[in-house]
Amino acid sequence: MDEHRRIGVFGGTFNPIHMGHLMIAEFATEAFGLETTIFVPTGSPPHKDVAIVSAADRYQMTALAILDNPRFTISDIEIQRSGVSYTVDTIRELKKQYPKGTEFYFICGTDSIQDLPNWKFNRELLEQAYFIGATRPDGSDFIGNIIDYFGALGKEKIHLLEVPELALSATVLRERLKAGQSVRYIVPDVVIRYIEEHSLYSGNLQIEYFL
Ligand code: ATP
């Protein structure tokens, strides 16, 4: 490891944040010697087309989930930006806040790495930041192909991080919450309390089905 400062950036919808997110952020921070990891809840995600709870609620849940970890912090940079947010703009903006030479590591699941060829400005992004792809079921098999796709840039900038694979997604959690099922031990207690207090995800889908 060199003496450059290393900062982690973890972008996500966090709808809601869960143990899979927290685990990969923790393991990546440790494995890559990241001074701090900044959670960046997305405002208007370019890759997702699902109904999501408000950015303010997703930000609050994320802030609560990371409160007790001194190596984690949060930024509202994408929430404040109007229109669609591109990761490359986020990294450029964050870079302005740190001394020259600071290295940025974008943390994600291997499914996001697999999708990287479809991201806008992906090469510009790889020039700005390293990628840490944490293993996730259905995502890890093709990572070599993706690295090859980006050639030398891919080899230098994309790194795989082996973590215990959790077949866990916010989608599954939203379904459980909607059905009134428990998400305890998968979502931090403090986030569960927030969800309950603000009646998030309960929806009235079941009622609609029966009308
Ligand atoms: P959704 O089900 O709503 O698509 P998600 O759980 O995949 O949500 P995001 O907030 O979109 O969550 O994820 C942010 C990042 O965290 C993405 O790069 C995603 O690949 C990664 N991630 C989420 N869950 C896991 C997991 N269980 N293991 C590894 N990476 C994960």
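Counting starts at 1 for both ligands and their atoms, in listed order.
- Polar contact check, Phe14 against ligand 1: a nitrogen or oxygen pair lies under 3.5 Å apart.
- Ligand 1 has a nitrogen or oxygen under 3.5 angstrom from a nitrogen or oxygen of Gly109.
- Ligand 1 has no atom lying under 4.0 Å from any heavy atom of Met23.
- Ring geometry for His159 against Tyr130 counts as tilted: the plane angle lies between 30° and 60°, on a 0 to 90° scale.
- Remark: ligand 1 and Ala170 share an N or O pair separated by less than 3.5 Å (distance only, no angle test).
- Of all the atoms in ligand 1, the ones that sit under 4.0 Å from a non-hydrogen atom of Gly12 are 10 (O), 14 (C).
- Listed by first and then second residue, the salt bridge (charged side-chain N to carboxylate O under 4.0 Å, His left out) pairs involving residues 10-28 are Glu26-Arg71 (not counting sequence neighbours).
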**CA sep, side-chain torsions, deciding dist, call: Tyr105, Thr29, side chain to side chain contact (heavy atoms under 4.5 Å, CB included)** = CA-CA 9 Å; Tyr105 286 74; Thr29 304; over 6 Å; no
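- Ser182 meets the side chain to side chain donor-acceptor pair (under 3.5 Å) test with no other residue; sequence neighbours excluded.
- Near Asp111, meaning under 4.0 Å from one of its heavy atoms, ligand 1 places the atoms 19 (C), 20 (O).
- Checked by distance only, ligand 1 and Gly11 stay at 3.5 Å or farther apart across all their nitrogen or oxygen atoms.
- Considering backbone and side-chain N/O atoms, Thr135 never comes within less than 3.5 Å of an N/O atom of ligand 1.
- Listed by number with element, the atoms of ligand 1 under 4.0 Å from a non-hydrogen atom of Arg174 are 3 (O).
- With a 6.0 Å radius and a threshold of 12 heavy atoms from other residues, nucleotides or ligands, Glu162 has its CD atom at or below the threshold.
- Under a 4.0 Å criterion applied to the non-hydrogen atoms of Cys108, ligand 1 contributes the atoms 18 (O).
- Between Asn15 and ligand 1, no pair of N/O atoms sits closer than 3.5 Å.
- Using the six-membered ring where Trp is involved, Phe14 and Phe10 have ring planes that are perpendicular, over 60° apart on the 30 and 60° scheme.
- Thr90 and Arg81 share a side-chain donor-acceptor pair at under 3.5 Å.
- Nearest residue to atom 30 (N) of ligand 1 from Thr110, Ile24, Leu168 is Ile24 (criterion: closest heavy atom).
- Under a 4.0 angstrom heavy-atom cut-off, Ala167 registers as lying outside contact with ligand 1.
- When side chains are defined from C-beta on, Asn122 counts as touching Phe150, because their heavy atoms get closer than 4.5 Å.
- Proximity annotation for atom 13 (O) of ligand 1: of Arg136, Glu165, His21, His21 comes nearest, heavy atoms only.
- No hydrogens or angles considered: a donor-acceptor pair under 3.5 Å links the side chains of Glu78 and Thr42.
- Near Phe10, meaning under 4.0 Å from one of its heavy atoms, ligand 1 places the atoms 15 (C), 16 (O).
- For ligand 1, the atoms closer than 4.0 angstrom to any heavy atom of Thr171 are 1 (P), 2 (O), 3 (O), 4 (O).
- Of the candidates Val163, Leu160, Leu161, Ile146, Thr110 forms a side-chain contact (heavy atoms from CB on, under 4.5 Å) with just one, namely Leu160.
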